[in-house]
2 protein chains.
Amino acid sequence: MANIRDVAKAAGVSVATVSRYLNNKGYISEEAKRVIAKAVEELNYQPSMIARSLSTKQSTFIGLIVPDIVNPFFPELARAIEDVALAYGYTLILCNSDEDLEKEINYVKTLQQKYVAGFIVASNHVEAEHYMGLDIPIVAIDRRIHSSIPYIATDNREGARIGTEHLLDSGCRNILCMRGPSGLGPADDRFAGFMDAVKGKNIETHIIECPFHFDIAETMVKKILQEVSIDGIFASSDVTAAGAMKAAYSAGIHVPNQLQIVGYDGTMLASQLTPGLTTVAQDLYRMGAMAARMLIELIKGQELTEREVLIPAELLIRQTTRSEA
Amino acid sequence: MANIRDVAKAAGVSVATVSRYLNNKGYISEEAKRVIAKAVEELNYQPSMIARSLSTKQSTFIGLIVPDIVNPFFPELARAIEDVALAYGYTLILCNSDEDLEKEINYVKTLQQKYVAGFIVASNHVEAEHYMGLDIPIVAIDRRIHSSIPYIATDNREGARIGTEHLLDSGCRNILCMRGPSGLGPADDRFAGFMDAVKGKNIETHIIECPFHFDIAETMVKKILQEVSIDGIFASSDVTAAGAMKAAYSAGIHVPNQLQIVGYDGTMLASQLTPGLTTVAQDLYRMGAMAARMLIELIKGQELTEREVLIPAELLIRQTTRSEA
DNA sequence: CTGAAAGCGCTAACAA
DNA sequence: TTGTTAGCGCTTTCAG
């Protein structure tokens, strides 16, 4: 591959001029532009980003750290981030942390060595010290990792309130809340939203804590259905809602006639289940795109107008609830 | 951040010696090793991969090009690739091509500028010329892009045969085959496998071509169910199978009592549907891991023992079929 | 076994 | 407006 010197030679100018041309910096005569453009074209020249990075100490890589891309929550996020990154000339590095602190720290180190321009992190380590002394811009997504780090998420509390209220409006009076792992920010917020909705309403509630896992959810709900009688379930994820649907099916309980269910997340899964799952949808794409935009502003040294942004959730009514009048 | 010169100075040796130490190259006295190790430790030194890349013209980035990471087929693949990449010291760059040739070409160019060590491509452009003159190792996954490019996929034909045969074994005699887009390698192969299974067996078959899209599948199947009478469906993806399940539900047709369905892919979706979807599972993780291993061998300049590998598919029997004796 | 020095390709003063 | 040149941090001959 041709390098900048070849281009300079071919165009009969110095490398400095070529560099200026490439970066639109400083004055260049029209004539110079012309010859350089021609040389670039002829040699099919493409500047080495590596050399540029070494020289400027900047790069066009963005590191995305997620627990596991296989979790259906993350691909859409990643997609959005990738889209805006691409638009701004950045490329995305994908890292799966498995919620493993050591792995995460390792990644941060590795990417630092590779001069990443910034990080977008969906992680939940409270002791996020390894991000602090980094002097690389960071944006936290979905989960707040530190007060000093800009953060963007869905308004989980309000979303859960809306979802639960829908259950109430649909006639449920005896509700099971499948809350997510306590200590996990979004799970706690959703649980709070659930409580907001039922408080003082003379509703009988049952609370279980259930990880975001299909099989476990199915098992837990199967057991619950034998023990108590309920007419509604608020699950704090689509996956656990799907587990609940299966448990109901096995128990011969008809959804939504005997039991109504609302999920949370608005993933594809919810729309592809039979019957279609009513769910509180997060605008994942918007969330990812916004995070990417924030990060890029940070990278460019701009001040953020908002350091914490909450994106509203939206109720998607489908067939697991019967919205009565 | 400290650089190699700082380390050399602190250790009282030359940078060359430090470099040798870092790369385990050439002879170094035990004494030198000791002092350098100490200096590295004290300065918390981490070599700059960028500088190293510039010098060696190699990098530790692997580019993964997929149509869309949101398609549930790809995350698991990406995960596997990332896992082995990480194990070998590489990091993964994620690229969504949207099946758009221009976008794909652009990515290839961009990553070339960033000195990627190799590509893993899941794409289906027959005119894959832009990959040819690249002198960067490439491995194709799921879809064959060129005879000169190593390729790894599931044995789709055999998988489809097994899935269809299961329908036959379960008593179906009147089968709808929802084949994928013709011209697409895997879709064609699966269709061929379906035909292999039914040929000469006095089975009534109906063939429709259906993109891998839930809503479209649902609509098409709804229509079919009104027109003809069938007792089995072979869908060539889980998503379309899910659409078929929903169509059956709307039509009041019981699955599996009146209609049996088998999907293809073995995604999470299949296991989370109610009833659980019988499906032909691809070992996506294995496929991805193997692709990554092949690529890394290529990067290291080794010869591949096999340039084309087919991974067997496995039938996962769940509740949408009634395996009779 | 070790060190000096010449690059890798590009950017950014500084001079002209 | 343009060119010269000194780095960026590391690798790699080539002498010693």
Side-chain angles (χ1 to χ4, degrees), chain A residues 1-37 39-40 43-61 89 109-117 135-136, chain B residues 1-37 39-40 43-61 89 109-117 135-136:
Chain A
M1 286 232 327
N3 65 27
I4 198 174
R5 220 156 28 218
D6 300 328
V7 175
K9 199 175 303 171
V13 298
S14 74
V15 294
T17 306
V18 177
S19 176
R20 281 188 210 101
Y21 167 81
L22 260 21
N23 301 290
N24 299 310
K25 263 184 191 166
Y27 293 99
I28 311 176
S29 64
E30 289 305 318
E31 171 60 11
K33 281 186 191 167
R34 220 181 40 71
V35 281
I36 295 174
V40 165
L43 278 67
N44 188 15
Y45 168 70
Q46 294 172 220
S48 155
M49 299 312 275
I50 297 289
R52 184 174 287 174
S53 282
L54 182 59
S55 187
T56 60
K57 286 173 167 303
Q58 293 187 15
S59 91
T60 51
F61 289 113
K109 260 195 212 150
T110 306
L111 295 196
Q112 215 184 164
Q113 289 182 53
K114 299 189 181 185
Y115 288 37
V116 280
D135 100 301
I136 294 179
Chain B
M1 286 231 328
N3 65 27
I4 198 173
R5 217 151 37 213
D6 300 328
V7 175
K9 198 176 301 172
V13 299
S14 74
V15 295
T17 306
V18 177
S19 176
R20 280 189 212 101
Y21 168 81
L22 260 21
N23 300 290
N24 300 310
K25 263 186 190 164
Y27 292 101
I28 310 176
S29 64
E30 287 305 318
E31 171 60 10
K33 281 187 190 166
R34 220 181 40 70
V35 281
I36 295 174
V40 165
L43 278 64
N44 188 17
Y45 169 69
Q46 295 171 219
S48 154
M49 299 313 273
I50 296 290
R52 183 173 288 173
S53 281
L54 182 58
S55 188
T56 61
K57 285 172 167 305
Q58 293 187 15
S59 90
T60 50
F61 289 113
K109 259 195 212 155
T110 306
L111 294 195
Q112 215 185 162
Q113 289 182 51
K114 299 189 181 185
Y115 288 36
V116 280
D135 100 301
I136 293 179

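Quick note on labels: first sequence line is chain A, next is B, and so on, each numbered from 1.
- Within residues 3-13 of chain A, the residues that have a heavy atom under 4.0 Å from DNA chain C are, in order of number, N3(A), I4(A), R5(A).
- Comparing R20(B) and Y115(B) along DNA chain C, the residue whose closest nucleotide (by nearest heavy atom) sits nearer the 5' end is R20(B).
- Between N23(A) and A16(B), the residue whose closest nucleotide on DNA chain C is further toward the 5' end is A16(B).
- When the P atom of dC8(D) is taken as reference, atom CZ of R52(B) falls 18 Å away, rounded to whole Å.
- Taking 4.0 angstrom as the limit, S14(A) places none of its side-chain polar atoms (N or O) nearer than this to OP1 or OP2 of dT2(D).
- Annotation: cation-pi pair K114(A)/F61(B) present, NZ/CZ under 6.0 Å from the ring centroid and within 45° of its normal.
- Checking dG9(D), dC10(C), dT2(D) against every side-chain atom of A51(B), the shortest atom distance belongs to dG9(D).
- Looking at heavy-atom distances under 4.0 Å, S19(B) makes contact with a base.
- Applying the side chain to side chain contact (heavy atoms under 4.5 Å, CB included) test between V40(A) and each of N44(A), L43(A), I36(A) identifies I36(A) as the sole match.
- Listed pair K25(A) / dT11(C) fails the phosphate criterion, with no side-chain N or O lying under 4.0 Å from OP1 or OP2.
- Put simply, CD1 on I36(A) is 10 Å from C1' on dT2(D), counting in whole angstrom units.
- Y21(A) comes within contact range of no nucleotide atom at all, as no heavy-atom separation falls under 4.0 Å.
- The base of dG7(C) sits with one of its N or O atoms less than 3.5 Å from a complementary donor or acceptor on the side chain of S55(B).
- Inter-residue side-chain proximity for V7(B) and Y21(B) is flagged as unmet; no heavy-atom pair is nearer than 4.5 Å.
- With contacts defined as side-chain heavy-atom distances shorter than 4.5 Å, the pair L22(A)/I4(A) qualifies.
- Side chains of R20(B) and V13(B) form no contact here, defined as non-hydrogen atoms less than 4.5 Å apart.
- Atom CG of L22(B) is separated from atom P of dG9(D) by 15 Å (rounded to the nearest Å).
- Dashed line: the shortest gap from a side-chain N or O of S29(B) to OP1 or OP2 of dT2(C) is under 4.0 Å.
- Of the candidates dT2(D), dT2(C), dG9(C), dT2(D) carries the atom nearest the I28(A) side chain, counting heavy atoms from C-beta on.
- Note on K57(B): a side-chain N or O is less than 4.0 Å away from OP1 or OP2 of dG9(C).
- Inter-residue side-chain proximity for Q113(A) and P47(B) is flagged as met; some heavy-atom pair is nearer than 4.5 Å.
- With rounding to whole Å, L54(B) atom CG is found 12 Å from dG7(D) atom C1'.
- The minimum heavy-atom distance linking A2(A) with Y45(A) is given by the pair O-CD1, 3.3 Å.
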